[in-house]
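Everything numeric in this text was worked out from a predicted model, so none of it was measured. Letters A, B, ... are given to chains in the order of the sequence lines, protein chains preceding strands, and every chain is numbered from 1.
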Amino acid sequence: MKLLLPTLLIFLLLSCTMDNNQAKHGVVITSPEAAEMYVAIAGVKNILAVTDECNFPPELKQKPSIGKFGTVSFERIINLQPELVITTDLEQASLNEKLKKLGISTLVLYPQRISEISEAMITLGKETGFNKQAEQVATTFKAVLDSLEMEHPYRPRVYVEIYGVPLMSVSDSSLVGDIISFAGGDNIFASLPRPYSRIKPEAVIDAAPDIILICYPGQTVENIIARKGWDTIPACINGRIYTLNDFDVDLILRGGPRVIEGIRQLRKLFFLQ
Amino acid sequence: MKRHLWLIPLSLLMLIGISVLFLFYHASGSHIILQVRLPRLVLGIFSGIVLAVVGSSFQVILNNPLAEPYILGTSSGAALGSVLAMLSGVFWLMPLFGFAGALFSTLLVWFLARTGGFIHSTRLLLSGVIIGMFFSAIISLLIYLNQREIGSIIDILMGNLGRIFTHSEWRLFLILGGISSGLVVYLFFLGSRMNAVTAGDWVAHTMGADPVNLRKQVFVIGAILTGFAVAYAGVIGFIGLIIPHMIRLLGVNRQRQALPASAFGGAFLLVLCDFIAMHIAVIEIPVGVVTAFIGSPFFIYLLIKKR
């Protein structure tokens, strides 16, 4: 009887070894932009799991989930035994630290300029054994980008509302700011102290933007116009407020190959082409 | 005129002074002053008055210097209500949820503190702290589960007067502000009965006041006022604690004088703190942090001076 409990415990411990039926070689991706880059280079085949936010291409929805962007399950990652975990920085900085402590190989991709996207894709190719494909995708990306570059004699003043409560916008040191500028817009908060920062509503009224881009769900044009004091802003007077119904925000928030489409999309809004 | 009687006009003058500075400092035009700064100033004054008046009333009726909406769990209840409304996407219902949360936590604290028909003030404070902690734990869980909304939740927990009003929200705020002002005036008329309670429940009975009923009334009114203030401005500590204390330390003991002095003093301090929060750094900082930074050292100074 005395031996029964220890024997049971040992039996339980032995039966708890990892379920290793899944592929040993493969990647786990925690950030949507990294997922888009990876799929452009290597397709979806080697992806073991992704976070819930990785929704492009739609095939990723069929992949197992390792949790949400901000709350990833380490147990599920360990259980999958990935060759590499591809993450991002900033909001996932603490996740990267923990993965390092667990001895899991991690690649952090965080392009903050358009020019860094092709570099990120080449690095991704090197780390995953898809060098040639990565270079091909990066070269095409650069070529299309070059063809899109042009002088803009008129640059509309643009206000990007990245979040509403609290009011937040982007500076030109952020990827979104860089995309706005490349597309021909003049960001009214070009020089904020941080890439993504709180702003004061009166600064928006003072800056009198021609265009307002709302980058989060649940906001309507009517609500923006109804804000006290905003009725003098040219964008509100001329109906140049664009919400998620008017553009695909993922194309300018995610530093992946689809940024090209994001630039084209913004040009249509800025210059009504 | 006795020295302390000057406090009411003096605090009113200080409030007018800081309001003028708040409205005109670095303002680019009348449009900004009237449409953006004036609503923010009105919200600051309204919240400052509510927090100080409720704090003062709680401290008197409970005969305890620590009593204020934050310590008694009322603010946590209001914050939880507001956070729930925000996360459910019904921003316009935040005042109602805030009020419901404040009232619920207050009733819970009241129920826990009641023994044999009487309220023991130490038991009440303990219940308030415990309920406050429990509600804070729920808020922490909500923050963990909704990390994308963290900025908005921080605004509720650390206080933010920079709310952007739409025209219809502003009208609703003015209506609720009007009702709240009526309740503040009602608290003023309860002032002399509150004073009677400070002498003890038996003495109050002999003077014709009903302490249990009075506490109930003040508690419910305090919950309503705190609920509205938290829903619009977030949780702002210290105003409800230090302003009534300062007024008492300066020699005002009668509620009929202490309440108006606390109201103007609370509004002055909160508008001053919001002015600092807006202009001290490139990025605006939460006003609740400023009230703590300014309030604590000043309160320590007063305590040492009066030792």
*Could you tell me whether A/Arg157 and A/Asp210 make a salt bridge, using a distance below 4.0 angstrom between a side-chain N and a carboxylate O?*
no
*Go through the atoms of A/Ile199 and report whether side chain, backbone, both or neither lie under 4.5 Å from a heavy atom of chain B.*
neither
Under 4.5 Å from a heavy atom of chain A, the part of [X] involved:
| X | answer |
| --- | --- |
| B/Met278 | both |
| B/Arg37 | side chain |
| B/His31 | side chain |

*Would you find more than 12 non-hydrogen atoms of other residues, nucleotides or ligands less than 6.0 Å from B/Phe173 atom CZ?*
yes
_Please check if the number of heavy atoms outside B/Ile280 that lie under 6.0 Å from its CD1 is greater than 12._
no
*asked:* So which residue, A/Ile224, A/Ile205, A/Asp206, ends up with the most heavy-atom pairs under 4.5 Å with chain B?
replied: A/Asp206
*Among A/Trp230, A/Tyr216, A/Tyr163, which has the most heavy-atom pairs under 4.5 Å with chain B?*
A/Tyr163
*In terms of side-chain heavy atoms, does A/Thr106 have a donor or acceptor partner in A/Asn96 at a distance below 3.5 Å?*
no
*Ring centre gap for B/Tyr232 and B/Phe46 strictly below 6.0 Å*: no
